[in-house]
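First the structure, in the form of structure tokens, and then the observations on it.
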Amino acid sequence: MQTLRVTRLHRHLHDRVLAALEALGIDRAAAEPGVRLGPPKNRDHGDVALGAFQLAKAAKKAPPALAGELATAITPDDVIESVSAAGPFVNFRFQRAALAQEVVGAVQNEAAPYGPAESTDQVVCIDYSSPNIAKPFHIGHMRSTVIGNSLRRIHRHLGATVHGINHLGDWGMPFAKMMTAYMRFGNEEQLHASPMRYMFELYKRYGKAAEAEPALDEEAAAHFRALESGEDNEERRMWQMLRDESLKAFQGPYDRLGVTFDHITGESFFEDKMAGAMERVTKAGVLEESDGAEVVWLKEQGIKQPCILRKSDGTTLYHTRDLAAVFYREQTFSPTRILYVVGAEQKLHFDQLKGVLKKMKEGIADAVEHVPFGLVLSRGEAGKWEKFASRAGNAVFLDEILDEAVAKVRTIIAEKNPDLPDADAVAEQVGVSAIVFNDLKASRIKDVKFDWDSMLAFEGDTGPYVQYACARLSSILRKAETPVPAIDAIDFAQLVDAERVLLTMMDFGTVVQRAADQSEPSAITNFTLALAGEIHSYLREHHVLGAEPAVRDARLVLVDAARRLLTTALDLLGIPAPGQM
RNA sequence: GCGCCCGUAGCUCAGCUGGAUAGAGCGACGGCCUCCGGAGCCGUAGGUCAGAGGUUCGAAUCCUCUCGGGCGUGCCA
């Protein structure tokens, strides 16, 4: 992959390979796309591998023959220690001192990709969390929240201008239903005492009542019409009050998760922008009447279901507001990408949204990108994994999960590190991180199996495991009682035995790029596990503080760099790295 | 019915967009501190990459079909 040329070492390799190819009489332009440097399957082969398959085609030679020629043509220099051919592959090894100097130096200088990149012209809008505030905020809502939060940090790190947007569901029928429930059964005192839980009660109560009394939905629809009329009426005041209460309630989980937004603009924000959006759709000539509703047909794009923009009763829908939001964002931010971190079950919705924009020949259509993720499943009666049914009232509130995790961490600290200062604060950090890490560990699209045992596991591939590596590194730096030595005074040849750590660190650039390109924070989660693993292994065999001065200094610099990079990587996930735990 | 997603070790997952002998964690079993943090380290066992075709010098990865699981399928979000 071309993106591997993110370090000076790779650029150097790339140039040497091209020069060698030219010397072998292969045209540079023809050769360049075939120069794909990547990590070898097995690191025993070397640090970087080049499969000579494509190049062989350009050179009209057999791959093993060309690989052999390249291996002899590229002689070692102050960066390349050795070049060897193994069948159709050319394997390169970096000079250990050059490797160490490059990686450690770049990390310490916070040079990109290890530190933040310079600003690019990328503008990324990320729509995440976006809870429907008339529904309980439970474990299922955490995914969009933490994935989006991480993507926001990742794109910032890469130099993009990022707008993190909480597109609150504070409009539409769900809100009207909540309003109706409150008007029927509501109690102000209970609402203020525990808004989230109380609204969950109301939500369940509405569901039950609507079953017995189907007319209730009609009542809710009437309230919504009244709200959407724009008049200053009871519905409007009720909406304001419930919205305020909900927002306050959501702030709790957001604070604990360390999640922030640049804009909190709910669906209601687009209330006065929908007319303009509808006009634009009409002008584009794509709006049609169907069974009393106003729709856009997308059959020519392979989508059978029309996108309904106005219901037969004249009110608007989710689609209408999302469309208005796209136009607003286009005008306000000029985004190159608009990411919607929303569950996979809403794929059709975003296909339709994008489809309507395409049909309108709006350039912004290309920027619209659904970032789907899997469901949260719970273990059902028969031991089968099934969808969480908040309707049935078995929702697990996020706070409960976080509290459980924090409490368990607290007992572990009491047992393993009883003298730890600020133990409660550290327990909060580590416990919450464990839950977040667990959610960001697997690929987005995988369903998350909610299981207390794995949720509260702190050994192996977990957040605490990575944080523990940070804590060990910090501990060594503390005990050194001297500042980290300056880079230019280091004999990097002393770090020959740290090659695995260094090579892992060097992967960071491609990992972050991939995380951004594919909207996949798990790439970074896996990186932190890999690096933490190498660190734990390294520290076991290589003592720092007791080593002779030249070795000690070199290792101290390495420890510092590893700690910094691990901290940066965790930060991109929205996870703190405590110095002690 | 149609559309989309998933299927890799007992369990939970990686596998860097087609490359070399498919890797981790948990669980099981066996080891490791007179030494900077044992939330750790090292090792053993465990695989028809759901199945069958196809493309390719080369397939867990791309294409087709089959099976299994899930999600979605005009006036909810």
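The chains referred to below are lettered A, B, ... by the order of the sequence lines, with proteins before strands, and numbering in each begins at 1.
- Here, B:rG3 and B:rC65 have their P atoms 9 Å apart, quoted to the whole Å.
- Residue-level contact check: A:P174 touches the backbone only, with heavy atoms under 4.0 Å from sugar-phosphate atoms and none from bases.
- Of the nucleotides present, B:rG7 is the one that pairs with B:rC67 by Watson-Crick or G-U wobble criteria, both distances under 3.5 Å.
- Dashed line: the shortest gap from a side-chain N or O of A:R514 to OP1 or OP2 of B:rG15 is under 4.0 Å.
- Ion pair A:R500/A:D507 not flagged as a salt bridge, since none of the NZ, NE, NH1 or NH2 atoms sits closer than 4.0 Å to an Asp/Glu carboxylate oxygen.
- Under the Watson-Crick or G-U wobble criterion, with both distances below 3.5 Å, B:rU34 is left unpaired in every strand shown.
- Across B:rG47 and B:rG68, the matching P atoms stand 26 Å from one another, rounded to whole Å.
- Taking every heavy atom of residues 548-557 of chain A and every atom of RNA chain B, no pair lies under 4.0 Å.
- A salt bridge links A:R225 with A:D313: the closest approach of a Lys/Arg side-chain nitrogen to an acidic carboxylate oxygen falls below 4.0 angstrom.
- Across all strands shown, A:L539 has heavy atoms under 4.0 Å from base atoms, whether or not it also approaches the sugar-phosphate.
- The partner of B:rC57 is B:rG19, judged by Watson-Crick or G-U wobble contacts that both fall below 3.5 Å.
- The shortest distance between side-chain heavy atoms of A:C470 and A:L570 falls below 4.5 Å.
- At whole-Å resolution of the value, NE2 in A:H543 and P in B:rC35 are 9 Å apart.
- Among the nucleotides B:rG70, B:rG19, B:rU73, the one closest to any side-chain atom of A:L375 is B:rG70.
- An OP1 or OP2 oxygen of B:rA24 is reached within less than 4.0 angstrom by no side-chain nitrogen or oxygen of A:K441.
- Comparing B:rC62 with B:rG15, their P atoms sit 13 Å apart, to the nearest whole Å.
- Residue-to-nucleotide proximity on RNA chain B shows that, of A:G172 and A:A86, the 5′-proximal contact is made by A:A86.
- A sub-4.0 Å separation between OP1 or OP2 of B:rC26 and a side-chain N or O of A:Y465 is absent.
- Between the C1' atom of B:rC13 and the CZ atom of A:F527 lies a distance of 19 Å, rounded to the nearest Å.
- Heavy-atom distances to RNA chain B give each of A:K41 and A:T315 a nearest nucleotide, and the one nearer the 5′ end belongs to A:K41.
- Side-chain proximity of A:L317 to B:rA77, B:rC13, B:rA20: nearest is B:rA77.
- Note on A:K347: every side-chain N or O is 4.0 Å or more away from OP1 and OP2 of B:rU73.
- In A:R410, the CZ atom is crowded: over 12 heavy atoms of neighbouring residues, nucleotides or ligands sit closer than 6.0 Å.
- In this model, the phosphate group of B:rG38 is approached by a side-chain N or O of A:R472 to a distance below 4.0 Å at OP1 or OP2.
- With both pairing distances under 3.5 Å, B:rA39 is matched to nothing as a Watson-Crick or G-U wobble pair.
- In this structure, the nucleotide among B:rA39, B:rC13, B:rG37 sitting nearest to the side chain of A:K416 is B:rA39.
- Residue A:T510 places none of its side-chain N or O atoms closer than 4.0 Å to OP1 or OP2 of B:rC16.
- The side chain of A:Q518 lies closest to B:rU17 when the candidates are B:rG74, B:rG37, B:rU17.
- With hydrogens and angles ignored, a donor-acceptor pair closer than 3.5 Å exists between the side chain of A:N91 and the base of B:rA20.
- Proximity of A:S537 to the phosphate of B:rC42: a side-chain N or O atom is located under 4.0 Å from OP1 or OP2.
- Proximity of A:S433 to A:P576: side-chain heavy atoms (C-beta onward) are separated by under 4.5 Å at one or more points.
- Between A:M274 atom CE and A:T320 atom OG1 the span is 6.5 Å, to the nearest 0.5 Å.
- Listed pair A:K479 / B:rG37 meets the phosphate criterion, a side-chain N or O lying under 4.0 Å from OP1 or OP2.
- Using a 4.0 Å heavy-atom distance criterion, A:P40 is classed as a base contact.
- In this structure, B:rU73 and B:rG1 make a Watson-Crick or G-U wobble pair, each of the two defining distances being under 3.5 angstrom.
- Atom CG of A:L377 is separated from atom P of B:rC6 by 15 Å (rounded to the nearest Å).
- Considering only side-chain N and O atoms, A:R321 lies under 4.0 angstrom from the phosphate OP1 or OP2 of B:rA77.
- If you take atom C1' in B:rC6 and the same atom in B:rA14, they sit 16 Å apart, rounded to whole Å.
- Remark: A:L503 CG to A:L531 CG distance equals 11.5 Å, nearest 0.5 Å.
- Taking side-chain N and O atoms only, A:Y468 has a distance below 4.0 Å to OP1 or OP2 of B:rA39.
- Separating the C1' atom of B:rG72 from that of B:rA77 is a span of 13 Å, rounded to the nearest Å.
- At whole-Å resolution of the value, CG in A:D351 and P in B:rC2 are 19 Å apart.
- B:rC36 and B:rA20 have their C1' atoms separated by 39 Å, given to the nearest Å.
- Of the possible polar contacts, one joining the A:H370 side chain to the A:V342 backbone as a donor-acceptor pair under 3.5 Å is found.
- Distance check on atom P: B:rC13 versus B:rA50 gives 15 Å, rounded to whole Å.
- Within the model, atoms CE of A:M142 and CG of A:L440 stand 8.0 Å from one another, a figure rounded to the nearest 0.5 Å.
- Stacking of the aromatic ring of A:H349 onto the base of B:rA77 is not found under the criterion of centres within 5.5 Å and planes under 30°.
- Taking atom CD on A:E541 and atom P on B:rG40, their separation rounds to 17 Å, with Å as the unit.
- With a cut-off of 3.5 Å on both pairing distances, the Watson-Crick or G-U wobble partner of B:rU12 is B:rA24.
- Comparing B:rC76 with B:rU8, their P atoms sit 38 Å apart, to the nearest whole Å.
- For B:rG58, the base is not stacked against the aromatic ring of A:F53, per a cut-off of 5.5 Å between centres and 30° between planes.
- Judged by the 6.0 Å and 45° rule, A:K204 forms a cation-pi pair with A:F200.
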| said: Run A:Y465 and A:E459 through side-chain contact (heavy atoms from CB on, under 4.5 Å) and show every step you take. | reply: CA-CA 6 Å; A:Y465 172 83; A:E459 288 170 13; over 6 Å; no

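- Across all strands shown, B:rA45 forms no Watson-Crick or G-U wobble pair with both key distances under 3.5 Å.
- Here the side chain of A:L348 is nearest to one of B:rC36, B:rA39, B:rG72, namely B:rG72.
- With B:rA77, B:rC6, B:rC71 as the candidates, the nucleotide lying closest to the side chain of A:K446 is B:rC6.
- Checking B:rA77, B:rG19, B:rU73 against the side-chain heavy atoms of A:Q305 singles out B:rU73 as nearest.
- Between A:R540 atom CZ and B:rG43 atom P there is a gap of 12 Å when expressed in whole angstrom units.
- At whole-Å resolution of the value, CD in A:Q513 and P in B:rU17 are 12 Å apart.
- A salt bridge does not link A:D560 to A:R555: none of the charged nitrogens lies less than 4.0 Å from a carboxylate oxygen.
- The nearest whole Å value for the distance from the CG atom in A:D453 to the C1' atom in B:rC26 is 11 Å.
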